[in-house]
Amino acid sequence: MTDGIAKDRLEKLQAMRGAGVDPFPPRVPRGIPLHELLADFDQRVGQAVTVCGRLSQIRDFGKLRFSHLQDRTGTLQIGFERDRLPAFWPDRKRVEGNDLVAITGIVGHTQKGERTLWATEVVLASKALRAAPEKWHGLQDVEQRYRMRYVDLFANPDVRAAFAKRSQIVREVRAYFDSLGYLEVETPILQPIFGGAAARPFKTHHNALDMPLFLRIAPELYLKRLIVGGMERVYEIGRVFRNEGISTRHNPEFTMLESYEAWADYKDIMARVEGLFAHLCATVLGGQTVVTFRGKSFDLKPPFQKARYLDLFAQQNPGCDWFDHQSVLRRARELGLKTDGLPPEKLANDVFEATVEDTLQGPIFVHDYPVAISPLAKRMPEDARVTERFELFLSGMELGNAFSELNDPIDQEQRFQAQLLHKDDETPGEVDVDYVTALEYGMPPAGGLGIGIDRLTMLLTGSDSIRDVVLFPLLRRVDPTAPTAEPAPPQER
RNA sequence: GGGGGCGUAGCUCAGCCGGUAGAGCAGCGGCCUUUUAAGCCGUAGGUCGCAGGUUCGAGCCCUGCCGCCCUCACCA
């Protein structure tokens with residue numbers, strides 16, 4: 001505790017203890033939610049009710065004080081009158097802004113007509129030793145907001161609203177898949193072989209088994225084992241971990257929705273995605289379909305635009321053949337891309353990303369991706385070089401990825417083997433033999449889908465940064481050994 | 001990793017050309033029974049992110065470091 005405010009508050013706390021008042025009592029009168037009181041406020045005028053919450057700054061008139069009480073459902077003015085609070089009055093200054101309290105009072109109004117609870121009993125529920133941020137601006141400093149999200153949340157109501165919306169989005173995603181007969185499942189986060197995406201994993205270790213493990217980069221391969229097992233429709237909403245850079249669209253741990261549906265193909269999954277967005281518009285957006293994101297507005301009303309991957313590539317890179325390494329190399333150099341050491345398909349996709357992705361306003365389905373960059377997707381019957389796969393883009397941002405799942409164990413094993421040839425740190429060091437074995441037992445044709453819940457939430461809440469929809473985004477820890485201005489904190493008790 | 005920006009009181013921010021570190025809010029002491037950004041009087045609060053350098057003198061100029069933001073790169 002290094003500042004004078006905390007010292008003042010600590011003194012108040014000790015004064016209360018000295019007077020036999022517990023500043024952190026185990027329980028206080030349990031109040032009703034403010035929205036419930038506000039809903040039929042006029043009928044309750046004259047009645048006594050109890051409410052609980054956090055006090056805002058107190059406006060003091062000597063024998064009369066006002067403050068507002070905030071709980072998760074709303075805000076209500078509290079009036080403290082000397083004549084109604086004879087017992088509390090002498091100690092009134094020990095309860096101050098930011099403290100948590102239970103207030104019993106009489107429902108009424110002020111002379112100007114504002115709804116007010118006239119307190120008859122004030123019980124301190126928890127003493128705040130630190131002051132709330134400034135009342136007009138709240139907590140603005142971005143770093144402090146992320147590092148001290150607990151303050152951000154109670155000081156900035158719109159932040160609370162955004163996370164409430166995220167919760168609602170997840171709930172409605174579940175409702176959508178549940179309504180289609182999908183089962184929600186949970187699969188391992190600790191995996192001996194990482195797979196299902198291309199990304200560097202976090203490594204860890206299990207002591208008792210003395211076994212290296214990876215935090216999953218995707219649940220994909222386990223979910224498809226469940227399709228082999230006959231569960232037929234499954235989805236998982238869970239955390240995945242990718243050991244990559246951090247940006248406004250990337251947090252090292254993020255929440256992924258993956259779903260798999262037997263007997264469906266990627267066109268069916270497109271319809272599912274459109275259905276999901278229609279459902280989210282109807283529920284989360286209250287019937288709206290237009291959202292504003294990064295300064296532009298987007299209509300999420302299905303059907304979405306569609307374009308072939310290779311057509312888009314050709315449009316932006318005339319004369320360049322995706323499958324011809326020499327022409328891709330020329331084009332990549334022309335664009336100033338890094339070319340050395342990259343496998344041909346990686347470079348070709350880099351050219352796609354450099355030239356096409358930013359042009360995709362969307363929402364748009366980009367479909368029919370080359371097999372070389374789609375190791376888990378089924379080939380198109382008409383052209384074995386491309387797969388039945390699509391990604392959903394909006395404002396240049398990838399929101400989802402889906403395909404007809406490769407269920408040919410021989411093809412799958414060959415593709416895994418091919419990956420090992422130019423293995424990098426985004427490729428597992430071995431073939432997931434058990435997954436191939438699962439396919440050998442027979443997997444029905446199936447369509448699978450992955451959607452980044454964080455990015456979806458960014459879109460639906462109009463947040464520019466993923467950190468505004470992740471409660472505790474990863475930040476570098478402040479080095480505790482670095483020299484600081486603060487001496488070692490004094491021992492308090 | 002490259003480029004740009006930021007870091008000053010608990011919070012939000014000023015601080016000019018290098019010349020004694022400021023305001024509002026919060027706090028503390030007063031006055032006030034209808035405020036809601038209450039008001040008025042008084043008061044306290046600072047290692048200017050950290051470390052060095054230049055200078056008679058550094059919040060300001062220079063170098064390095066730490067952290068955050070933006071951006072590019074990276075990232076199916």
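Chain naming here is simple, since letters A, B, ... match the order of the sequence lines and numbering starts at 1 in each. Every value quoted in this text rests on a predicted model; they were computed, and no experiment measured them. Just so you know, these numbers use all the heavy atoms, side chains as well, and skip hydrogens, waters and symmetry mates.
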Name the atoms and distances for all side-chain donor-acceptor pairs under 3.5 Å in residues 90-98 of chain A, with sequence neighbours left out.
residue, atom, partner, partner atom, Å
A:Asp91, OD1, A:Arg94, NH1, 3.4
A:Arg92, NH1, A:Trp89, O, 2.8
A:Glu96, OE1, A:Lys12, NZ, 2.7
A:Glu96, OE2, A:Lys12, NZ, 3.3
A:Glu96, OE2, A:Lys127, NZ, 2.7
A:Asn98, OD1, A:Arg54, NH1, 3.0
A:Asn98, ND2, A:Arg130, O, 2.9

Selection: residues 64-89 of chain A, any non-hydrogen atom under 4.0 Å of RNA chain B | A:Leu64, A:Phe66, A:His68, A:Gln77, A:Glu81, A:Asp83

Under the ring pair (Phe, Tyr, Trp, His ring centres under 6.0 Å) test, which residues partner A:His109, sequence neighbours left out?
->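 If we apply the ring pair (Phe, Tyr, Trp, His ring centres under 6.0 Å) test to A:His109, skipping adjacent residues, the hits are A:Phe41.
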
Test for a donor-acceptor pair under 3.5 Å between the base of B:G7 and the side chain of A:Glu143, counting only N and O atoms.
-> no

Determine: side-chain N/O of A:Arg147 to OP1/OP2 of B:C68, distance under 4.0 Å, yes or no.
->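 Answer yes for this pair, as a side-chain N or O of A:Arg147 is under 4.0 Å from OP1 or OP2.
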
Any residue meeting side chain to side chain contact (heavy atoms under 4.5 Å, CB included) with A:Ala162, in chain and number order, not counting sequence neighbours =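 Scan of A:Ala162 (side chain to side chain contact (heavy atoms under 4.5 Å, CB included), adjacent residues dropped) gives none.
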
Pick base, sugar-phosphate or nothing for A:Ser56, based on heavy-atom distances below 4.0 Å to the nucleic acid.
->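 Answer is nothing: A:Ser56 stays at 4.0 Å or more from every strand.
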
Would you mind classifying the nucleic acid contact of A:Gly97 as base, sugar-phosphate or nothing, using non-hydrogen atoms under 4.0 angstrom?
-> nothing

Picking from B:U36, B:A76, B:C68, the nucleotide nearest the side-chain atoms of A:Leu475 would be B:C68

Tell me, which stems hold RNA chain B, with a stem being 3 or more Watson-Crick or G-U pairs in a row and both distances under 3.5 Å?
->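 Consecutive-pair runs (3 or more) involving RNA chain B: B:1-7 with B:66-72, B:10-13 with B:22-25, B:27-31 with B:39-43, B:49-53 with B:61-65.
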
Between protein and nucleic acid, restricted to nucleotides 1-4 of chain B and to nitrogen or oxygen atoms under 3.5 Å apart, what atom pairs and distances do you find?
none

If you measure from the C1' atom in B:C6 to the same atom in B:G59, how many Å do you get, rounded?
->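 So the two C1' atoms sit 14 Å from each other.
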
